[in-house]
Amino acid sequence: MVWLNALGASMPFLARGLKFGQTRRSLAPPDRVCSPMRLSRYFLPILRETPKEAEIVSHRLMLRAGMIRQEAAGIYAWLPLGLRVLQKVAQIVREEMDRAGAIELLMPTLQLADLWRETGRYEAYGPEMLRIKDRHERDLLYGPTNEDMITGIFRAYVRSYRELPKILYHIQWKFRDEQRPRFGVMRGREFLMKDAYSFDVDEASARLSYNKMFVAYLRIFSRMGLKAIPMRAETGPIGGDLSHEFIILAETGESAVFCHADVLDLPIPPENTDYDGDLSPIVHARTKLYAATGDVHDQARFERETPAEKRIQTRGIEVGQVFYFGEKYSKPMRALIAGPDGVERPFQGGSYGVGVSRLPGALIEASHDENGIIWPEAVAPFKVGLANLKFGDGTTDAACAAIYAALEKAGVDVLYDDSDERPGAKFAKLDLIGLPYQIIVGPKGLASGTVELKTRATGARENLAAGAAIARLAGV
RNA sequence: CGGGGCAUAGCGCAGUCUGGUAGCGCGGAAGUUUUGGGUACUUCAGGUCGCAGGUUCGAAUCCUGCUGCCCCGACCA
């Protein structure tokens, strides 16, 4: 870590923006804490017209806002603005996984088929698996998931119950050769996913791990400004009650959902939640009320357990799933753990996924209007857009430059539109890309000593002195 | 994987039926104009008409094959 400290010392701007709760390791993938940008130097290909292939609103807006570009069916390049959002989403997931005690690693995208033959999944998996041969004619595959590989890693090193429990996770690209990719990044073939895997010595312990992930998921989606509801899901051959899909409600969602209205208003576990304590009350409060997706929905039970005025029937988007699968992989792969009694048994496993690259799309489905995207602050690519309504005018240029510098100094991510476009075009563009705040600087306002601060979500505008606007944005 | 459709300039489209020297809007460049919600005008640049065969004096247009993409359904994070 010496080199990292040296780097931090020689590059003070890296450390400057560190806020409470951010560790140095969180600098790892998105190594920016604040990086303001001038539009004239940025790469933001806004589309005025909608490409015809985009049917749903999030796909349309992501293309128009220059966030993504399709390279093939279900395969996208993430352009700078989109990448910022993707990284913010990933970072929230990372922080909450770490908080819950999970350990990050990184497994490769390509896997040897032999691993999958051990569990019988190489044959069982259909054409959705992308199969590749290398120059030695060895069978490889582009991983659609990593249970087999993580089990292989785990069994190579861990033999004793004393090293359990453990939860390992990574955030990596996956590939599933969907018959019909659609909805932009919401159902791509290539997708970025956080998948965690828990290792426990018995079922009781596995349930504790399950609860940790369950609670972490509540926090993850809440931090992104989403109301994600855990819903009962198919548990497969294992049975039991330990599988939930996390669904956000959106009219345009892919699946029908049914739930008790009160699940929407349950409190989110706080940041200082003790993950080693008893989490079952939190989980129980969520799971005792009816909530199910269409495929496991039981109308009679729904009506029995939920008063008519509390019944919600709408549509939703799955953004995560938690699943306990016991010995499904550890048994065939002989990943054995010696218990306190000296007897070796397969570990009890679970897996926990979050659709990272799907979330930007889901977030837009949940938060937009006729003018464009409305980003929740936690995942916004920039916090504020600064519009110079008369670029080239000495007074407005100077005012904008001063505001830009002040925001940068305060650690506020700002995108400065320093183009010479007309005001209307700038307003439309800022509304489209959905930054939470806009500072609008023009000659008229400056004549009376004010700039305009607009809140994207509400449309509220306020005229105030530049210093006051900066203070507002630099505050909480 | 069943059903339907599309492929012409960076994007959105017309032209295909009825074969004859490839067009419109937006966007881009230059300029004039305008200046608080996508300003108006002038000029310019930009296309192997998805690919490969075939028919024909001549193919974006007709025929055959292929590829890519989209929509509905089944399936899925």
Are [Y] and [X] an aromatic pair, judged by ring center distance below 6.0 Å?
X: A/Phe246; Y: A/Phe214; value: yes
X: A/Trp116; Y: A/Tyr125; value: yes
X: A/Phe382; Y: A/Tyr42; value: yes
X: A/Tyr290; Y: A/His260; value: no

Relative to the 5' end of RNA chain B, which residue comes earlier, A/Met193 or A/Gln179, by the nucleotide with the nearest heavy atom? A/Gln179
Closest-nucleotide ordering on RNA chain B, the 5'-leading residue of A/Ile440 and A/Phe183: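 Closer to the 5' end of RNA chain B: A/Ile440.
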Side chain of [X] - closest among [options]:
X: A/Arg176; options: B/G36, B/C71, B/A77; answer: B/A77
X: A/Arg180; options: B/C72, B/C13, B/G36; answer: B/C72
X: A/Leu389; options: B/G36, B/C13, B/C71; answer: B/G36
X: A/Arg358; options: B/A77, B/C75, B/C13; answer: B/A77
X: A/Glu178; options: B/A74, B/C76, B/G36; answer: B/C76
X: A/Gln321; options: B/C69, B/G36, B/A77; answer: B/A77

Without decimals, in angstroms, what is the distance between [X] [atom1] and [N] [atom2]?
X: A/Glu452; N: B/G37; atom1: CD; atom2: P; answer: 11 Å
X: A/Asp417; N: B/G37; atom1: CG; atom2: C1'; answer: 14 Å
X: A/Asp295; N: B/A74; atom1: CG; atom2: C1'; answer: 14 Å
X: A/Leu430; N: B/G36; atom1: CG; atom2: P; answer: 16 Å
X: A/Lys444; N: B/G36; atom1: NZ; atom2: C1'; answer: 5 Å
X: A/Asp431; N: B/G36; atom1: CG; atom2: P; answer: 17 Å
X: A/Asn371; N: B/G37; atom1: CG; atom2: P; answer: 14 Å
X: A/Arg64; N: B/C26; atom1: CZ; atom2: C1'; answer: 12 Å

Identified pairing partner of [N], criterion: Watson-Crick or G-U wobble below 3.5 Å:
N: B/G19; value: none
N: B/A60; value: none
N: B/A7; value: B/U67
N: B/C41; value: B/G31

Separation of the [atom1] atoms in [N] and [M], to the nearest angstrom:
N: B/G37; M: B/C17; atom1: C1'; result: 45 Å
N: B/G19; M: B/G58; atom1: C1'; result: 8 Å
N: B/U61; M: B/U35; atom1: P; result: 50 Å
N: B/G31; M: B/C49; atom1: C1'; result: 33 Å
N: B/G3; M: B/A74; atom1: P; result: 16 Å
N: B/G20; M: B/C13; atom1: C1'; result: 24 Å
N: B/A59; M: B/A52; atom1: P; result: 14 Å
N: B/C63; M: B/U43; atom1: P; result: 40 Å

So what does [X] hit on the nucleic acid, given a heavy-atom distance under 4.0 Å: a base, only sugar-phosphate, or nothing?
X: A/Gly188; result: base
X: A/Glu53; result: sugar-phosphate
X: A/Ser357; result: nothing
X: A/Ala73; result: sugar-phosphate
X: A/Gly445; result: base
X: A/Glu55; result: sugar-phosphate
X: A/Ala72; result: sugar-phosphate
X: A/Lys454; result: base
X: A/Gly442; result: base
X: A/Asp195; result: nothing

Check A/Arg64, A/Lys454, A/Lys426 against A/Asp431 for a salt bridge (Lys or Arg N to Asp or Glu O under 4.0 Å) and give me the one that passes. A/Lys454
Sub-3.5 Å pairs of nitrogen or oxygen atoms, protein against nucleotides 39-43 of chain B:
residue, atom, partner, partner atom, Å
B/U39, OP2, A/Arg422, NE, 2.7

If only side-chain N and O atoms of [X] are considered, is one of them under 4.0 Å from the OP1 or OP2 phosphate oxygen of [N]?
X: A/Lys52; N: B/C70; value: no
X: A/Arg182; N: B/C72; value: yes
X: A/Gln70; N: B/G68; value: no

About how many Å separate CD1 of A/Ile167 and CD1 of A/Ile103, when rounded to the nearest 0.5 Å?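 Rounded to the nearest 0.5 Å, the CD1-CD1 separation comes to 9.0 Å.
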Are side-chain N/O atoms of A/Arg38 and A/Tyr404 paired as donor and acceptor at under 3.5 Å?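 No, no side-chain donor-acceptor contact under 3.5 Å.
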For the residue pair A/Arg94 and A/Gln91, confirm or rule out a side-chain donor-acceptor distance under 3.5 Å.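 The answer is yes; a qualifying pair exists.
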Would you say A/Ser367's side chain and A/Leu363's backbone share a donor-acceptor pair under 3.5 angstrom?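 Flag not set: sc A/Ser367 to bb A/Leu363 has no pair under 3.5 Å.
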Face-to-face stacking of A/Phe191 with B/A77, centres under 5.5 angstrom, angle under 30°: yes
Please say whether more than 12 non-hydrogen atoms of neighbouring residues, nucleotides or ligands are located less than 6.0 Å from CZ in A/Arg69.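 Result for CZ/A/Arg69: open.
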Side-chain ion pair, A/Lys390 and A/Asp420, N-O less than 4.0 Å: no
